[in-house]
Amino acid sequence: VRNVGNVNVSIDSVYLVKDDNVLAKLIPTDATIKISPGEVKEIVVYLPYNVKGKITIKVVTSGGVASMCTVHVNTR
């Protein structure tokens with residue numbers, strides 16, 4: 001995740017959303033992740049076994065600012 005803003009942010013939640021329904025709220029493995037302006041940090045979460053297909057990943061700061069991207073998940 002890249003902080004494109006001009007203030008420090010703390011990431012404490014990742015949501016998996018499908019068809020406007022929240023499938024899961026995930027906590028990053030490194031607990032709260034602090035990201036400075038312009039900085040890029042890896043956020044690691046483990047997907048529940050039943051998540052598949054087209055989903056939206058929503059990353060939320062402790063202040064409530066969110067960023068989303070849609071991906072296709074294939075599980076074996």
Side-chain angles (χ1 to χ4, degrees):
V1 171
R2 178 185 306 272
N3 180 354
V4 296
N6 58 2
V7 297
N8 293 329
V9 296
S10 297
I11 305 296
D12 57 4
S13 302
V14 176
Y15 293 88
L16 303 180
V17 180
K18 184 173 188 174
D19 300 325
D20 294 324
N21 296 310
V22 175
L23 301 176
K25 176 183 177 182
L26 308 173
I27 305 300
T29 57
D30 292 333
T32 300
I33 299 170
K34 298 184 186 310
I35 308 175
S36 300
E39 187 177 25
V40 176
K41 289 251 181 126
E42 180 179 70
I43 297 175
V44 177
V45 294
Y46 293 96
L47 300 178
Y49 70 92
N50 61 344
V51 173
K52 60 185 174 184
K54 185 177 175 182
I55 63 166
T56 298
I57 300 171
K58 184 177 180 181
V59 178
V60 182
T61 69
S62 56
V65 176
S67 179
M68 296 174 280
C69 71
T70 301
V71 299
H72 191 84
V73 176
N74 287 320
T75 56
R76 298 178 196 222

Between Val59 and Leu23, is there a shared hydrophobic cluster once you connect ILVMFWY residues whose side-chain heavy atoms come closer than 4.5 Å? yes
Which pair of heavy atoms, one from Val45 and one from Pro28, lies closest together, and at what distance? CG1-CA, 3.8 Å
So CG of Leu16 and CG of Leu47: to nearest 0.5 Å the spacing works out to 6.0 Å
Taking every non-hydrogen atom, the tightest pair across Ala24 and Pro48: CB-CG, 4.0 Å
Closest non-hydrogen atom pair, Arg2 against Gly38: NH1-O, 3.6 Å
How long is the gap from CD1 on Ile43 to CD1 on Ile57, to the nearest 0.5 Å? 10.0 Å
I'd like to know if Val65 and Ile35 are part of one continuous hydrophobic network [Ile/Leu/Val/Met/Phe/Trp/Tyr, side-chain heavy atoms within less than 4.5 Å]. no
With rounding to the nearest 0.5 angstrom, report the NZ to NE2 distance, Lys52 to His72. 10.0 Å
Applying the 4.5 Å side-chain criterion to the ILVMFWY set and letting contacts propagate, would Val9 and Ile33 be lumped into a single cluster? yes
Please answer: with hydrophobic residues joined when any side-chain heavy atoms are less than 4.5 Å apart, are Tyr15 and Val73 in the same cluster? no
To the nearest 0.5 Å, how far apart are CG in Leu26 and OH in Tyr46? 12.0 Å
Taking the side chain as every heavy atom from C-beta outward, state whether Lys41 and Val1 have any pair of such atoms under 4.5 Å apart. no
Quick one: pull up OG in Ser10 and CG in Asn3 and give me the separation to the nearest 0.5 Å. 10.0 Å
With rounding to the nearest 0.5 Å, note down the distance linking OG1 in Thr61 to CG in Asp12. 7.5 Å
Under 3.5 Å: donor-acceptor pair, side chain of Lys54, backbone of Thr70: no
Could you tell me which non-hydrogen atom of Lys18 sits nearest to which non-hydrogen atom of Gly53, and how far apart they are? NZ-CA, 4.3 Å
